[in-house]
Amino acid sequence: MKSVAVIGSGVAGLSCAYYLLKAGYKVRIITASHCPDEQCCSWWAGGMLAPYCEQESAEPLVETLGLESMAFWQQFAAQHQLSYQAHGSLVVAAPRDQSLLRQFSEQTQGASWLDNEQISGLEPDLGHFSRALWFENEAHLEPRAVVLSLWQACQSAGATIETDRRLSLSEIEGLKGEVDWVLDCRGLSARDLMPDLRGVKGEMLHLHCPEVELSRPVRLLHPRHPIYLVPRPDNVFMLGATMLEVNSSKRASVRSMLELLSAAYALNPAFAEAQIIEIGVDARPAFNDNLPKVRVNDNCLSVNGLYRHGFLAAPAVARRVVDFINSGKLCDEVFDANHS
Amino acid sequence: MNMKTTEANNQAAQAKNKAKNKTKTKEGSGKALEFYGQKLESRLLLGTAQYPSPQVLLEAIEQSKTQIITVSVRRESGSSQDGQQFWQLLKQSNCKILPNTAGCHSAKEAITTAMMARELFDTPWIKLEVIGNDDTLQPDVFGLVEAATELCQQGFKVFPYTTDDLVVGEKLLAAGCEVLMPWGAPIGSGRGLQNPKALESYRHYFPDTSLVIDAGIGLPSQAAQAMELGYDAVLLNTAVARAGNPVAMAQAFDQAINAGRSAYLSQPIEPRDMARPSTPVAGTPFWLS
């Protein structure tokens with residue numbers, strides 16, 4: 001049985017481990033985390049599966065990977081009693097920003113226009129918006145529950161998980177001699193090997209607001225800070241996320257919180273009475289084109305640059321990685337020829 | 001550099017035309033663009049925010065042929081050196097970097113940010129924004145003059161983002177600014193020149209100052225209009241960054257700005273209230289019809 005060491009336990013590492021175990025490999029997961037925790041940016045993700053909305057700013061590859069990943073998550077959620085909400089997503093804008101909404105519809109596909117009555121039908125608490133774009137075929141999940149479930153699924157499939165271990169470069173080098181393949185899924189920590197990897201800082205909040213009910217993610221367009229709200233169980237809402245060209249930062253700024261909270265208030269003034277449960281900050285790993293990349297060095301594959309598309313892209317990228325390990329088949333879309 | 005500019009061509013054409021004394025171009029206006037002693041060929045200044053990815057940004061910069069890019073400095077990122085990677089990337093473009101104080105609401109904030117920017121980018125150039133209204137992002141001209149005065153004294157080369165108010169412009173010049181950047185419309189609105197008459201007066205009022213239209217441009221035709229009014233350059237960001245195809249739009253702006261500049265130099269005809277036939281029709285008393 002061939003052996004693979006996966007370094008990192010974010011959604012990228014765990015998706016790869018999961019696919020490898022399914023394909024019959026002996027898998028070791030080595031992670032700096034103690035359990036699925038706040039050390040990786042998957043913890044702070046929105047969990048929106050929005051391959052159509054993302055077309056507004058992302059390359060077409062994101063849609064391809066996203067549609068494939070959605071099919072994976074739907075099946076995975078069904079097998080592990082996880083919530084997979086396929087209610088689509090809504091995009092709205094303030095009355096004077098309607099031009100942004102039209103532009104958004106021109107730069108994406110798969111949406112239909114809703115009028116006030118139709119919006120109220122779907123989301124009564126957004127009844128004050130006169131128009132919205134509805135991306136019917138999008139979905140959302142709960143990132144923390146999913147990561148925990150993937151972690152447990154890997155364990156029960158026979159993976160060993162070595163926690164609280166942050167590997168040095170020489171340890172990674174040593175690991176290459178111990179196993180058939182090493183998968184480097186360390187996210188931004190892998191900047192030591194990939195200087196072209198950069199961090200894009202994101203800030204988010206969890207709010208508890210008993211007065212508001214939403215069943216699907218909502219994006220509020222704004223010329224400077226577009227913001228989204230993802231419903232979680234029990235009237236909890238994830239409000240995200242800023243995008244700043246900053247490599248790392250553990251603190252949220254007042255400015256960002258003002259932007260985020262103002263957007264929530266604009267969506268529904270009842271958010272003024274919400275309680276702030278949590279403020280989260282992390283940096284997403286990204287390459288210059290904001291697309292995921294797999295690079296091959298000897299028997300080490302680095303899987304990185306998932307940017308803000310961790311849950312949207314990870315399973316599809318993982319499948320391509322395992323195909324490569326199985327058959328040597330390179331998938332041009334994600335394999336970075338310039339560095340292989 | 002493939003900027004065999006219209007400017008250079010125009011200058012050549014001007015000299016040639018003078019000799020022949022047949023056609024005319026605007027006297028003395030063919031001079032090269034210059035900011036604080038730095039000569040430039042491209043008359044487009046491009047902002048670096050809001051692009052789909054850094055790669056698209058770099059391609060847009062290349063296609064726009066710009067030589068000056070503006071970069072927003074957040075005090076947060078500046079102090080921790082964390083934004084360095086993105087800035088390194090911008091340096092790859094070989095453009096001159098004009099840091100800006102976007103998002104500053106007081107003279108004090110803007111001055112602090114300018115100091116930080118000078119250290120980070122090793123340049124005395126600063127695009128000075130003091131925002132008076134967070135919604136429209138219009139300049140607080142009082143804070144602007146205050147900050148410009150202080151920064152010029154400290155040796156900064158200030159590019160102030162201002163309104164089309166002539167008196168404010170005068171005060172900025174008195175403070176030591178050598179470039180003025182009146183707005184066309186609110187930042188990011190893409191509405192074009194909202195008050196062309198005022199901008200025309202502005203041009204005539206400050207005939208020898210380098211003037212840049214900063215903000216509000218949405219379409220290449222609007223940038224061309226600014227150049228036709230005799231502005232020295234145009235600064236824009238959103239119109240390119242948020243276009244469906246930023247790279248192609250960057251190229252379109254380059255072309256439009258060159259076209260507008262050539263038109264300005266070529267002494268355009270004066271509009272009339274009625275059509276004027278280019279050749280009289282025999283037998284028709286056209287002045288009576």
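Note that the coordinates shown come from a computational prediction; the quantities given were computed from them, not determined experimentally.
- Of residues 57-67 of chain A, those residues with a non-hydrogen atom less than 4.5 Å from any non-hydrogen atom of chain B are, in numerical order, A:Ser57, A:Glu59.
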message: The test is salt bridge (Lys or Arg N to Asp or Glu O under 4.0 Å); show your working for A:Glu56 and B:Arg242 and say whether it passes.
response: CA-CA 9 Å; A:Glu56 188 243 349; B:Arg242 304 291 294 165; 2.5 Å; yes
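- Environment of NZ in B:Lys108: sparse, with no more than 12 heavy atoms of neighbouring residues, nucleotides or ligands closer than 6.0 Å.
- Within residues 245-254 of chain B, no residue approaches chain A closer than 4.5 Å by heavy atoms.
- Here the side chain of A:His222 pairs a donor or acceptor atom with the backbone of A:His225 at under 3.5 angstrom.
- The aromatic rings of A:Phe104 and A:Phe135 sit perpendicular, their planes meeting at an angle over 60°, well past the 30° parallel limit.
- The shortest heavy-atom contact between A:Phe311 and A:Ser42 is CE1-O, 3.7 Å.
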message: Pair A:Glu54, A:Arg219 - check salt bridge (Lys or Arg N to Asp or Glu O under 4.0 Å), show working.
response: CA-CA 11 Å; A:Glu54 284 302 307; A:Arg219 292 179 189 230; 3.0 Å; yes
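- Heavy-atom pairs under 4.5 Å with chain B peak, among A:Glu106, A:Gln103, A:Arg191, at A:Arg191.
- Proximity to chain A is limited to the side chain of B:Leu137, based on heavy atoms less than 4.5 angstrom apart.
- No part of B:Ala241 comes within reach of chain A, as not one of its non-hydrogen atoms sits under 4.5 angstrom from that chain.
- Cation-pi geometry between A:Arg295 and A:Phe335 is not satisfied (NZ or CZ under 6.0 Å from the ring centre, within 45° of the ring normal).
- A salt bridge links A:Lys293 to A:Asp289: at least one charged side-chain nitrogen sits closer than 4.0 Å to a carboxylate oxygen.
- The backbone N or O of A:Phe271 sits nowhere less than 3.5 Å from a side-chain atom of A:Asn268 that would complete a donor-acceptor pair.
- Using a 4.5 Å cut-off between heavy atoms, A:Leu197 touches chain B through its backbone atoms (N, CA, C, O) alone.
- No donor-acceptor distance shorter than 3.5 angstrom exists from the side chain of B:Gln225 to the backbone of B:Ser221, with no hydrogens or angles considered.
- Between B:Trp125 and B:Phe159, the angle of the ring planes lies from 30° to 60°, which puts this pair in the tilted group.
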